[in-house]
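Notes to accompany the following structure.
Any value given below was found using the heavy atoms of this structure, including those in side chains, with hydrogens, waters and symmetry copies removed. Proteins get letters first, then strands, A, B, ... in listed order; numbering begins at 1 in each.
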2 protein chains.
Amino acid sequence: MAVAERLTRQEQRERNRLKLLEAAEKVFAERGIQGASIDEVAAEAGLTKGAVYSNFASKEELLIEVMRHRLGGEARAQADRLLHSGRDSEALVEEFGRYWAERVRGGDQEAFAQMTVELMIHATRNPAVREQLVDLVFPTAGEGRHPLSPPGSALAGLPYEQADAILKSLDIGMRLLVLLAPERCPPELFATALRLLAAPRPDHP
Amino acid sequence: MAVAERLTRQEQRERNRLKLLEAAEKVFAERGIQGASIDEVAAEAGLTKGAVYSNFASKEELLIEVMRHRLGGEARAQADRLLHSGRDSEALVEEFGRYWAERVRGGDQEAFAQMTVELMIHATRNPAVREQLVDLVFPTAGEGRHPLSPPGSALAGLPYEQADAILKSLDIGMRLLVLLAPERCPPELFATALRLLAAPRPDHP
DNA sequence: CCTTTCAGATACTGATTGGTATTCGGATAT
DNA sequence: ATATCCGAATACCAATCAGTATCTGAAAGG
């Protein structure tokens with residue numbers, strides 16, 4: 001039996017805010033950003049519209065907070081995992097490939113991919129959102145810079161920015177394709193492409 | 001002075017249908033699929049809602065027709081261009097890279113990329129649309145199969161389906177990234193990635 | 001205890017939208 | 001020339017939704 005928890009006001013508020021962020025992510029993914037209604041987000045969190053507008057100024061702000069909440073955690077998780085897998089070139093590539101396939105399956109991740117793509121499109125039309133999203137996707141601090149481009153590989157012959165952009169394109173593009181037609185695009189394909197991209201260069205010892 | 005053209009009913013109708021399809025593509029891209037209103041589409045075409053519902057059963061059908069109209073033409077154009085560029089491996093890769101960078105710039109293409117991505121997301125949530133879109137993106141007939149995977153390259157070592165899916169992922173992903181942050185992802189990057197993917201394999205004569 | 005405070009519930013509004021019912025005017029047929 | 005037809009315009013409707021204004025009950029504070 002769970003003890004009926006006594007929660008202070010602040011705790012309650014924080015808990016509700018989190019519930020709203022998670023509900024919003026789910027509903028945004030399910031219905032689309034424009035198609036999602038504040039009422040449904042609130043209901044999904046077991047609250048009402050009042051709670052939403054008490055915690056966020058507008059739908060737009062809610063969206064930005066969801067994005068920050070999720071994308072931040074994501075980047076951190078990825079960097080962590082890759083940093084802990086040793087720095088050997090091939091091992092790194094394999095680990096990244098495995099990581100990708102793993103995530104792209106989780107039911108939770110599906111919603112995430114969907115929301116990310118939708119968010120990018122939305123950002124394209126909204127300068128304020130765009131700026132924030134670009135900062136999240138391309139962190140300027142050395143922080144989020146994942147350690148791909150293993151030395152000696154073809155990818156490594158490129159400036160970091162270029163290798164990064166290529167990997168991110170492939171990442172997001174393949175997520176979208178997996179979402180659209182999993183039967184045509186199995187998750188293992190990412191690792192395959194990665195191996196091609198990071199293959200040792202014949203003409204470059 | 002243009003002669004005031006006498007148009008037969010059928011001609012007029014066809015002309016209006018086309019105007020609507022083009023207007024719809026533009027408005028869908030600008031506002032998003034859910035955000036676009038039938039009224040705005042009609043206005044963009046210089047017509048009214050009546051014309052839309054006279055030519056298409058619903059917003060959904062309009063969407064599908066736009067998709068068929070545009071995606072069909074696109075695939076044809078691409079196949080044409082690549083077929084006419086000779087079959088030499090490197091030349092093919094370079095031509096594809098050039099083609100990509102060219103298109104991604106055209107103001108028209110921006111709307112197209114935006115709509116395509118949005119369409120994919122939309123399809124993810126709508127089985128009927130999904131099926132049709134998958135057929136357009138992965139044509140089963142030998143028709144749309146573009147002739148990439150030049151022999152001798154690493155890509156060519158893969159089954160056609162896999163190479164195709166990888167290229168399409170990179171294509172759509174990079175289009176999205178260019179849209180979001182052109183300063184981080186110049187159009188030339190596609191050719192760069194392509195060269196890496198199609199590089200001759202060191203261990204495979 | 002009793003008052004104050006405030007997070008969240010409830011009630012409401014103005015604007016928008018997909019879709020329909022009806023009308024209108026020019027092309028077509030006779 | 002006139003009657004018919006039909007593609008598109010106009011008018012209308014019910015539903016939805018972001019945002020606001022107001023209220024309420026329980027925690028904070030004394």
Just the rounded figure in Å: distance from [atom2] of [N] to [atom1] of [X].
X     : N      : atom1 : atom2 : result
B:Q34 : D:dA15 : CD    : P     : 21 Å
A:Y53 : D:dG19 : OH    : C1'   : 5 Å
A:R31 : D:dT16 : CZ    : P     : 12 Å
A:F56 : D:dG19 : CZ    : P     : 14 Å
B:E61 : C:dG18 : CD    : P     : 15 Å
A:E11 : D:dA28 : CD    : P     : 9 Å
A:D39 : C:dG8  : CG    : P     : 16 Å

Open item on the list: The criterion is salt bridge (Lys or Arg N to Asp or Glu O under 4.0 Å); which residues satisfy it with A:K26, sequence neighbours excluded?
Closed with: A:E44

Does either side chain, that of [X] or that of [Y], offer a donor lying less than 3.5 Å from an acceptor on the other one?
X     : Y     : answer
B:N55 : B:E65 : no
A:Q12 : A:R15 : yes
B:R13 : B:S54 : yes

Task: Protein proximity profile, nucleotides 3-9 of chain D - base contact B, sugar-phosphate-only contact S, no contact -, cut-off 4.0 Å on heavy atoms - done: --BBSSB

Open item on the list: Quick check on A:E183: does its CD atom have over 12 non-hydrogen neighbours (other residues, nucleotides or ligands) under 6.0 Å away?
Closed with: yes

Without placing hydrogens or testing angles, list every side-chain donor-acceptor pair under 3.5 Å for residues 112-123 of chain B, not counting sequence neighbours.
| unit_1 | atom_1 | unit_2 | atom_2 | d |
| --- | --- | --- | --- | --- |
| B:T116 | OG1 | B:F112 | O | 2.8 |
| B:E118 | OE1 | A:R125 | NH2 | 2.5 |

TODO: Report which part of the nucleic acid A:A36 touches: base, sugar-phosphate, or nothing (heavy-atom distance under 4.0 Å, all strands).
DONE: sugar-phosphate

Open item on the list: Just N and O in the side chain of B:S58: are any of them under 4.0 Å from OP1 or OP2 of C:dG19?
Closed with: no

Task: Most 5' of B:I38 and B:Q10 on DNA chain C, judged by nearest nucleotide - done: B:I38

